[in-house]
Amino acid sequence: MKEAIIYYSLNGHVKDIVDEMSGDKFEIKTKNKIISNKALQMLTLGFMTMISNRPKIIVDKTIEIDKYDIIHFVTPIWAGKVSLPIKSFLEENIIENKNIKLTVSCNGSDGAAEYDFIKLVDQSNEIIEYNVIKNNRTE
Ligand SMILES: Cc1cc2nc3c(=O)[nH]c(=O)nc-3n(C[C@H](O)[C@H](O)[C@H](O)COP(=O)(O)O)c2cc1C
């Protein structure tokens, strides 16, 4: 089964997780740079998450979704949900009839991330795996 790993990492924790995975990897980046100050990230991105404001994104390589049996999303948790760049990706790309895995990285609670994610994917897909990885790395 061919697996595409589609990920977004703001501060490197997700990137470390993805580095240990095997599969074809695609990195989502935001078009506008996100502020590096962690307290301000919490304020601005937490607020954007609450009002569902989707950032503009780019992906580092072209993804031919049809080539893959499994699509694996790896994302930080923002305000108890999957990160906004992953939501932007799901809005901009058609993903149907796939096996889907979701791995989330958080430092406390994954909140309502799984439920939030299920609402975003087409019902023809099957979610075959959900993993929560808590980071204990000191920044
Ligand atoms: C805006 C924002 C909101 C966050 N909200 C949560 C949260 O609700 N629950 C949680 O456990 N961690 C939360 N975190 C922490 C990140 O999910 C966690 O540090 C993750 O491992 C970061 O991955 P990254 O370094 O790849 O960006 C938040 C981080 C940011 C920047």
Side-chain angles (χ1 to χ4, degrees):
M1 299 271 262
K2 218 167 151 42
E3 180 166 327
I5 297 164
I6 300 172
Y7 69 98
Y8 171 75
S9 183
L10 176 59
N11 293 316
H13 299 88
V14 164
K15 177 81 170 60
D16 288 348
I17 294 166
V18 167
D19 283 347
E20 302 296 315
M21 293 177 169
S22 49
D24 292 351
K25 297 172 187 175
F26 302 90
E27 183 172 10
I28 298 171
K29 295 179 177 175
T30 53
K31 282 192 178 164
N32 293 327
K33 205 171 170 334
I34 290 176
I35 194 156
S36 56
N37 179 290
K38 302 278 184 322
L40 290 179
Q41 281 179 0
M42 283 289 181
L43 278 177
T44 54
L45 298 174
F47 181 67
M48 281 173 70
T49 303
M50 278 193 291
I51 63 168
S52 299
N53 188 340
R54 309 272 199 270
K56 295 206 171 18
I57 54 156
I58 45 169
V59 182
D60 65 345
K61 298 184 282 290
T62 305
I63 310 178
E64 290 176 64
I65 298 282
D66 288 349
K67 275 178 40 183
Y68 297 95
D69 313 291
I70 300 172
I71 310 292
H72 190 167
F73 290 96
V74 192
T75 175
I77 293 291
W78 286 358
K81 297 180 172 180
V82 297
S83 66
L84 292 172
I86 294 285
K87 294 185 178 191
S88 298
F89 180 89
L90 287 167
E91 274 184 359
E92 291 173 19
N93 292 273
I94 296 166
I95 299 179
E96 289 171 342
N97 301 304
K98 299 288 179 193
N99 290 312
I100 294 191
K101 296 181 184 176
L102 174 63
T103 297
V104 301
S105 170
C106 61
N107 60 13
S109 162
D110 60 324
E114 189 179 11
Y115 175 69
D116 181 49
F117 182 77
I118 288 168
K119 287 191 296 180
L120 298 169
V121 296
D122 187 86
Q123 288 191 357
S124 64
N125 297 293
E126 187 177 354
I127 298 180
I128 59 167
E129 204 175 288
Y130 177 59
N131 309 298
V132 180
I133 300 176
K134 289 196 183 171
N135 87 60
N136 48 16
R137 205 176 79 184
T138 48
E139 304 290 344

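Heavy-atom basis, side chains included; hydrogens, waters and symmetry copies ignored. Counting starts at 1 for both ligands and their atoms, in listed order.
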Going by distance only, is there an N or O of [X] that falls short of 3.5 Å from an N or O of ligand 1?
{"X": "G108", "result": "yes"}
{"X": "V14", "result": "yes"}
{"X": "P76", "result": "no"}
{"X": "W78", "result": "no"}
{"X": "S105", "result": "yes"}
{"X": "S9", "result": "yes"}
{"X": "N107", "result": "yes"}
{"X": "Q41", "result": "no"}

G12: heavy atom below 4.0 Å from ligand 1, yes or no?
-> yes

ILVMFWY cluster, I65 and I86 together (side-chain gap under 4.5 Å) = yes

Taking the six-membered ring for Trp, is the centroid-to-centroid distance between Y130 and F117 below 6.0 Å?
-> no

Just go through V82, T44, I77 and tell me whose heavy atom is the nearest to atom 16 (C) of ligand 1.
-> I77

Is ligand 1 under 4.0 Å from a heavy atom in the side chain of N135, in the backbone, in both, or in neither?
-> side chain

Logged contact type for C106 with ligand 1, heavy-atom cut-off 4.0 Å, is both

Atoms in ligand 1 flagged as close to [X], the criterion being non-hydrogen separation under 4.0 Å:
{"X": "H13", "result": "21 (O), 22 (C), 23 (O), 24 (P), 25 (O), 26 (O)"}
{"X": "L10", "result": "24 (P), 26 (O), 27 (O)"}
{"X": "S109", "result": "9 (N), 10 (C), 11 (O)"}
{"X": "L45", "result": "1 (C)"}
{"X": "G80", "result": "7 (C), 8 (O)"}

Main-chain N/O of Y68 paired to K98 side chain as donor or acceptor, under 3.5 Å = yes

Check ion pair D60-K25 (N to O, under 4.0 angstrom) | no

